[in-house]
Amino acid sequence: MDCIFCKIINKEIKADILYEDNDMIAFSDINPIAKIHVLLVPKKHITSLAQATEANSDLVAKLVLASKKIARKLNIDKSGYRLVTNVGSDAGQVVQHLHWHLIGGESLGPIA
Ligand code: AMP
Ligand code: ZN
């Protein structure tokens with residue numbers, strides 16, 4: 001499958017990996033929009049949150065909750081951060097593999 005995040009998961013493409021286990025991986029965004037910009041990605045290829053189902057609820061919860069651990073690890077748990085998932089074209093989703101952006105390390109201003 002021609003999916004850049006699957007290639008990172010399969011170690012066909014290098015990334016700055018911050019966390020990995022059997023279900024998920026977290027790595028630095030190649031084009032950060034803030035001082036800290038990490039992507040949280042399930043290893044299972046799901047196109048976006050729109051394609052996730054009840055069968056994926058544990059996985060989705062795990063990824064969302066993992067953001068807390070990674071924020072703590074990056075020392076932004078107290079200063080705050082933003083967790084965003086883009087769904088589809090109006091949201092500007094570019095990579096068609098479910099992921100959350102964990103953004104912080106500086107004041108982010110309004111969401112839009
Ligand atoms: P989205 O617009 O929500 O689909 O976000 C996709 C994100 O993936 C963008 O912020 C890109 O900068 C990031 N990205 C694309 N390719 C890579 C890569 N090889 N390594 C790390 N981040 C990437
Ligand atoms: Zn994929």
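Not measured: the values here are computed from a predicted model.
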Any side-chain heavy-atom pair of I30 and D16 under 4.5 Å: no
Any side-chain heavy atom of C3 within less than 4.5 Å of one from H45? yes
Salt bridge flag under 4.0 Å for residues D23 and K44: no
Judged by atom type as modelled, is there a donor-acceptor pair below 3.5 Å linking the side chain of Q93 to the main-chain atoms of V95? yes
Nearest heavy-atom contact between G104 and A34 is O-CB, 3.7 Å
G105 and K35 have their tightest heavy-atom pair at O-CD, 3.6 Å
Only one of L65, V60, L59 clears side chain to side chain contact (heavy atoms under 4.5 Å, CB included) with L63; which? L59
Taking the side chain from N56 and the backbone from A52, do they hold a donor-acceptor pair closer than 3.5 Å? no
Among the clusters formed by ILVMFWY side chains lying less than 4.5 Å apart, do I103 and L83 turn up in the same one? no
Does the side chain of K7 come within less than 4.5 Å of D2's, by heavy atoms? yes
Run the numbers on K11 and I17 for side-chain contact (heavy atoms from CB on, under 4.5 Å), then give the verdict. CA-CA 10 Å; K11 308 283 159 45; I17 296 170; 3.6 Å; yes
Taking the six-membered ring for Trp, are H97 and H99 closer than 6.0 Å centroid to centroid? no
Could you tell me if the side chain of W100 sits less than 4.5 Å from the side chain of V64, heavy atoms only? yes
Following the transitive rule for hydrophobic clusters with a side-chain heavy-atom cut-off under 4.5 Å over Ile, Leu, Val, Met, Phe, Trp and Tyr, establish whether Y19 and L102 coincide in one cluster. yes
For E12, does the CD atom sit with more than 12 other heavy atoms under 6.0 Å from it, leaving out its own atoms? yes
With side chain to side chain donor-acceptor pair (under 3.5 Å) as the rule and sequence neighbours excluded, what pairs involving residues 71-92 come up? none
Results of side-chain contact (heavy atoms from CB on, under 4.5 Å) for Q51 - residues two or more places apart only: I46, T47, S48
With the side chain counted from C-beta on, respond yes when F5 and N10 share a heavy-atom pair under 4.5 Å apart, and no when they do not. no
Using the side-chain contact (heavy atoms from CB on, under 4.5 Å) rule, take I9 and V41 through it: C-alpha gap first, then chi angles, then the decisive distance, then the call. CA-CA 9 Å; I9 290 159; V41 183; 4.1 Å; yes
Distance, nearest 0.5 Å, that separates CG of L39 from CD1 of I25: 10.5 Å
Donor-acceptor pair, K43 side chain versus D21 backbone, under 3.5 Å? yes
Please test I33 against N31 for side-chain contact (heavy atoms from CB on, under 4.5 Å), starting from the C-alpha separation and ending with a verdict. CA-CA 7 Å; I33 62 163; N31 188 20; over 6 Å; no
Side-chain contact, heavy-atom cut-off 4.5 Å: F27 with I8? yes
Membership question, hydrophobic clusters at under 4.5 Å side-chain separation (ILVMFWY): are V38 and L49 in the same one? yes
Distance, nearest 0.5 Å, that separates NE2 of H37 from OG of S28: 9.5 Å
